[in-house]
Structures are given as C-alpha cells and as structure tokens.
Number of protein chains: 2
Amino acid sequence: MSQVSIRDDEVDIVIAAIEPDLTSFLEEWRAIFSRFHLIIIKDPDVKGELKIPGGFNYDTYTKADIQQIIGPSNAATFSGYSCRYFGYLLSKKKYIISIDDDCIPAKDTKGIQIDAIAQHINNLSTPATPFFFNTLYDPFCKGADFVRGYPFSLRSGVSCALSCGLWLNLADLDAPTQALKPELRNTRYVDAVLTVPARAMMPLSGINIAFDRELVGPALLPSFKLAKEGKFRWETVEDVWTGMCVKVVCDHLGYGVKTGLPYVWRKERGDAIESLKKEWEGVKLMEEVVPFFQSMKLTPAAKTAEDCVIEIAAAVKEQLGQIDTVFTRAADSMVEWVQLWKTVKTRT
Amino acid sequence: MSQVSIRDDEVDIVIAAIEPDLTSFLEEWRAIFSRFHLIIIKDPDVKGELKIPGGFNYDTYTKADIQQIIGPSNAATFSGYSCRYFGYLLSKKKYIISIDDDCIPAKDTKGIQIDAIAQHINNLSTPATPFFFNTLYDPFCKGADFVRGYPFSLRSGVSCALSCGLWLNLADLDAPTQALKPELRNTRYVDAVLTVPARAMMPLSGINIAFDRELVGPALLPSFKLAKEGKFRWETVEDVWTGMCVKVVCDHLGYGVKTGLPYVWRKERGDAIESLKKEWEGVKLMEEVVPFFQSMKLTPAAKTAEDCVIEIAAAVKEQLGQIDTVFTRAADSMVEWVQLWKTVKTRT
C-alpha cells in the first residue's frame, strides 16, 4: 500500500450533540472544522433547540429524523453518545472523524494548537504496519523510518482503517479509577503514532477517532449497552466493545489500527463518585469481553466488514450469551445494525 | 506482580569495548555509571591496552580471559559487538544493563540529561502489561493509569524481563536505508514507555538494553552471525535475532518486554555506503526469520529460559536449516550457549 491523498470532500466530521448549544464547542474548532462537512446528531433524549453558529457546512438530525429513517423500534439504539452512530450510518463519505462535544483543540509541547483533523487524515492516508512492531513508532511519520531488522516485504504496510486519538487533561478512566484518583489528569504529551500489532486488543475510546467508512464502517456499531449506563464516558463501555469488534475485523481483513496523535483537550464533565452509585457493571463484564475478543477467529468466508460483524455476533450469542443477557442483546443489536447498514446503503 | 525495588548492587553494567580507549565514553557517563559495578569486555579482535579512567568500580576481561574460561574453540562467538555476551555469562547480578560505547547520555525535551540507568531500572521494577494494550502507554509511569475498559484482572501485570531503550541522533537503521538517506537523523523524543503486546515481534537493538538475567539471561545470546558482518551495528542482525528469541521466551513464560524510554545519544560511526559493499545479507534473511519467530510455539515442557532456547534451536535447525547454513550454525551456537551458561553457573 502506498500513501493515498484524501480530499476535504471525502470526509464527514460527525458530532454527537449531548448538549443542545454547540456554540462554544464549534467556535473553539472553527479554524479546523470549517473546511469540512459536519453531520450533527442531536441526542434524542436532549431537550431544546440545537444552537449552531454560522459559517459551518452541516446537516443536523434529530429524534424525528431517526424515527423516520429507521422506525421507532430501533431508535433507542441511538440515545446518548450513541447518537453519533446514526451519523456513521447516513454518511456517504469515505472517511469519518468524530470528536466528543466536551473536547477542544489541544496544544503540543511548543504551545502550538494541534489540528486534530489533519493528523487523523495523515494517519489514515499513510500505511499501517500491524505485522511487526517498529520500535521508532510510525515509520511513515516525517523524519522516521523502519528500524534495522524490519523485513522489507512488510515495509509497504497495509491500509489504515482506524485512527484512535488521545486526550490531554481529563484522561479516559473508568468511574472507579476516576473516583479513586479525582486529581489525576493526563499531562503527558507523547509525540508518537503507532500501529497496534495484529492480534493485540486495546480499549478504543470513541472520544476522538477517525476511520475509513468504506473499509470498516459496518463494524463501528452501537450494540453494547449497560443496563444502567448514563451520559458520561466513564459510565459506558460501548465504544470499548466497538473497538474490539473493529480490531478483530481489521486483523481478519488485513487492515491496520493506529493509536497516539492527535490529542484533544477534554474539559471536566460529570462527577465520578455519583456515577459509581449506578452499580456500574462495566468493570465486571470486561473480564469476559477481553478474553472473548482475544480468542476470536473469523472464518475465510467473512470477506467484508458486514460478514465479519455477523460472525462475531453469532459467537457472542453462543459463547457469552449464557453469562449475561447484556451479551444476547448486544448480539441482536449487531445483526440489526448490519441490516440497517445494508438498507440505508441500498436506499441511497 | 507488584512493584519491586532494585538495589544498586543487583545491577551489572556490561560494556563491550570496541575501541580500547574508553576514557571519553566513561567520562560522559561518570555521574550515571559510577554507583554501579561495570563489566568491561574487550573485543578480542581489538589491539591496544584498555584505557579506563579512575573512579569506577569494574572488572575487565580480554581475549585471554575468554579463552581461559570457555576454551579457544568457542572464543570466536565473542568477537566484535558480541563480546558483551561474555559479560552476560559471567555476571552474577540479577539485572544487566548494556549500552554501546558510541553512545552518550541524551537530553530530554527540556534539555535535562537523561539518567538511562534509572529509567531502565524503573522499567524493570514495574510490571509489564503484554495481554492488553493500554492506549495511554505504561500505566505504571508517574501520572498514568489504565484506560477505561482495561480488565481489572490484568492490571497487576507481569514481571518485566527486558527493557529496550531507544536512540536519538543516529537511528538504528540498516545499511541500505542509512545509505539511501544519509542525512536522516532521529530527532523525535517520544516521552513514553510501552509493553510490546504478547505475540507481537519487534526488532530489538542491543545498543541500549536492560534485562532480568535470572528470568531470561540464557535467551540473551550470541548466535546469528552473518558471513561477512563487520564492526558496525548496521552490518549485523545478531541482536535482532536475539531479541526475537527473548520475545518468544517472554511470551511463553509470561514475562513482559518494554520499549521506549530511555534514549541515549548515538554518535556518528562508520560509512553506510562502504558497509553496503559487503553484500550484506541481513535484509534477505529477515524475510525468513520474522515469520519463523512469529509462528514459533513452545511446548509446555519448556519451563525455563534454557529449555525454551533449546526448543527454539531445534526448530531453527529443522525449519530454517535447509534454507541457509547460517541458520544451522545459529542453532548449534544456541545449544552451545546454553551448555556454556549451565557450566559457568555450576562453576560459580
């Protein structure tokens, strides 16, 4: 695979509006976002009119749009943070970038504002190297190369299907850790991008990601909802589940996942100790989820992301379904999502 | 596994003297090395008396010592960069740190001199996390923690058996890459340590490493010598081979390998274009070596690093031996090394 070039009109930036007033969020991002088309999905549980400042090129979708397009029975899938998945479904662009509405542009160690969109595009447009770990990080970064011993046959790399960015200030901890260490903030700016090796699983966070919708779009799915999850990242593991689905799909289809740059700055939101009172079951469930995905093997019959998701869903039902009904529901949602994806694709 | 504390007298710093005059090298490192015991091995091919400035606590070994202890037939194993392995063999300490004699302390992004020894000790004394990738890097670094979704059962980690440091200025490229990009220097300081995930292979460089000799010492071995290799790092892949042996052993025995900090500053040495004339065969051989180690599975009978090396050697002979005699020789050297290791251990 060689470097590809990505045009501005091949990108949708998808924003989940958890608060109706996006004014300050979009003003912070104006210089970076304004060249791109935005898809803004209003959390169907949120009241009040969306407020969006002028000068942006966007489409908005609300509860009524969701119900109209997919019917009222599935609409609950798209509540809270998950409303962004409705944007993934409707986008017709090759690339999607999604950033939480409590994040603003971060600064690098020299105090220069980071263009998170440009960095994500860079990650997606240069190859990934999942089959051998390069100790000097992404060999396609400026000034970098492959380290001695790296096989030449692996140096062309594979397509990068997913770029996972990171966060300064409020780190993406779970509620127990955040409650235990209320003062802990991430201040370490690590100037690196790396490909997560094939067969290694990692906890994707949906806060700041970009992906190639044509390659893996159907695997970026809403399906794993905790019974009592709330509106804060630390109360959910849906995106972590999604990330492992995508990673398994990428490993199977021969695509790469990068992590590292770009950083965004996460503002404070929520109260971790209050969240703990919700008998958060994410911690317990991950003990089953991680080994499941680590040992997941897809068959050669799975040739597209849709095929892969259907195979994963069947394995979830069979292997995890007996442990907890949350898994059976997740498996059903995964199948419904693929059906939705195909329906929307056929319709447009 | 919880954090362990490492005393100064549990560490040997092993230096391979490729040049007899170590004065400027040791003066650069004085503040960092002087608290530790040094083992200095003089490359048996090098002429001239070793020059070592006062104020260090050290033992030196020369060609005569090598021949006396292991007999003249094996002595060639310890020529050039490989003489350091003789130090690994003789050390009685739990931890070994080894840094090439063309490296000096590097500075971090704030201009502060890096204590590479303290950082290696920190890497070895805190757990490694090879079974799930933490996107915020080493969770045991100051100010870091596990990211949301990281299973609690994996948060105690495993013993870190190997710490691979990096290099600023002259990057560790192979001769063809260095010849093609003569101006390329590594200037990117990445402020991170990470555990290389289980089952992922990486190109270890022996320039700047530390390891737990009791856990994996027998796997840090000299065995893979190219027919025409010379005295420059880019002319050898011996350490890359060794690294994959150690990684396979760590994956099998449940230990971790970390990479990243500390950096050292590599001074210029050699002429890449001259090196290319040696018909450097490393590039060609890595095409066979990497897939071999990636698919290597040890049996449950292998319970120590010695056992593992013997099993790897048998597989090398069987699977790679027919491709090139360099592999048969490597397999034989691996077996001899384990015998030597056991002999020296019994004797002392």
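Side chains are part of it too, since the values below use all heavy atoms of this structure and drop only hydrogens, waters and symmetry mates. Just so we're on the same page: letters track the sequence lines, and every chain starts at 1.
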Colleague: Non-hydrogen atoms of chain B under 4.5 Å away: do they reach the side chain of A/L173, the backbone, both or neither?
Modeller: both
Colleague: Heavy-atom pairs under 4.5 Å with chain A: which of B/S153, B/A175, B/A198 has the most?
Modeller: B/S153
Colleague: For A/Q294, is it the side chain, the backbone, both, or neither that has a heavy atom closer than 4.5 Å to a heavy atom of chain B?
Modeller: both
Colleague: Less than 3.5 Å apart, any donor N or O on the side chain of B/Q178 or B/D174 sitting next to an acceptor on the other?
Modeller: no
Colleague: Please look at A/F146 and chain B and tell me whether the side chain, the backbone, both or neither of the residue comes under 4.5 angstrom of a heavy atom of that chain.
Modeller: backbone
Colleague: Identify the two heavy atoms, one from A/M244 and one from A/M202, that lie closest to each other, and give their separation to 0.1 Å.
Modeller: CG-O, 4.0 Å
Colleague: Given a strict heavy-atom distance threshold of 4.5 Å, which part of A/C141 is in contact with chain B: side chain, backbone, both, or neither?
Modeller: side chain
Colleague: Is B/Y189 close to chain A through its backbone or its side chain, or both, or neither, when contacts mean heavy atoms under 4.5 Å?
Modeller: backbone
Colleague: Within 45 degrees of the axis of the six-membered ring of B/Y81 and under 6.0 Å from its centre: does B/R233 put its NZ or CZ there?
Modeller: yes
Colleague: Using non-hydrogen atoms and a 4.5 Å limit, figure out which bit of A/F293 sits close to chain B: side chain, backbone, both or neither.
Modeller: neither
Colleague: The test is side-chain contact (heavy atoms from CB on, under 4.5 Å); show your working for A/V248 and A/K297 and say whether it passes.
Modeller: CA-CA 8 Å; A/V248 165; A/K297 283 255 175 236; over 6 Å; no
Colleague: Do A/F327 and A/F224 have their ring centres less than 6.0 Å from each other?
Modeller: yes
Colleague: I'd like to know which of B/V147, B/L194, B/N186 tops the heavy-atom pair count under 4.5 Å against chain A.
Modeller: B/V147
Colleague: Could you tell me which of B/V289, B/T236, B/T187 has the largest number of non-hydrogen atom pairs under 4.5 Å with chain A?
Modeller: B/T236
Colleague: Looking at B/F133, B/W241, B/F132, which has the largest count of heavy-atom pairs under 4.5 Å with chain A?
Modeller: B/F132
Colleague: Who among B/T259, B/L204, B/D145 has the most heavy-atom pairs with chain A under 4.5 Å?
Modeller: B/D145
Colleague: Under the side chain to side chain contact (heavy atoms under 4.5 Å, CB included) test against B/H120, which residue among B/S98, B/S163, B/C164 passes?
Modeller: B/S163
Colleague: Are any of the side-chain nitrogens in A/D100 or A/R266 under 4.0 Å away from the carboxylate oxygens of its partner?
Modeller: no
Colleague: How far apart are the C-alpha atoms of B/L285 and B/E287, what are their side-chain angles, what is the distance that settles it, and do they pass the side-chain contact (heavy atoms from CB on, under 4.5 Å) test?
Modeller: CA-CA 5 Å; B/L285 293 169; B/E287 300 294 334; over 6 Å; no
Colleague: So which part of A/T109 gets closer than 4.5 Å to some heavy atom of chain B, the side chain, the backbone, both or neither?
Modeller: neither
Colleague: Could you tell me which of B/P291, B/A192, B/A200, B/P176 has the largest number of non-hydrogen atom pairs under 4.5 Å with chain A?
Modeller: B/A192
Colleague: Between B/R148 and A/S205, does the side-chain contact (heavy atoms from CB on, under 4.5 Å) criterion hold? Intermediate values first, please.
Modeller: CA-CA 8 Å; B/R148 176 171 56 95; A/S205 163; 3.6 Å; yes
Colleague: Of all heavy-atom pairs between A/E238 and A/S82, which one has the smallest distance, and what is that distance?
Modeller: OE1-OG, 2.5 Å
Colleague: Tell me, side chain or backbone of A/R199 under 4.5 Å from chain B's heavy atoms, or both, or neither?
Modeller: both
Colleague: Please identify, among A/V196, A/V237, A/L166, the residue contributing the most non-hydrogen atom pairs under 4.5 Å to chain B.
Modeller: A/L166
Colleague: Identify which part of A/K181 has an atom lying under 4.5 Å from any heavy atom of chain B, answering side chain, backbone, both or neither.
Modeller: side chain
Colleague: Quick check on the interface: out of A/V240, A/N134, A/V290, who has the most heavy-atom pairs with chain B under 4.5 Å?
Modeller: A/V290
Colleague: Just wondering, do B/C103 and B/W265 contact through their side chains at under 4.5 Å, heavy atoms?
Modeller: no
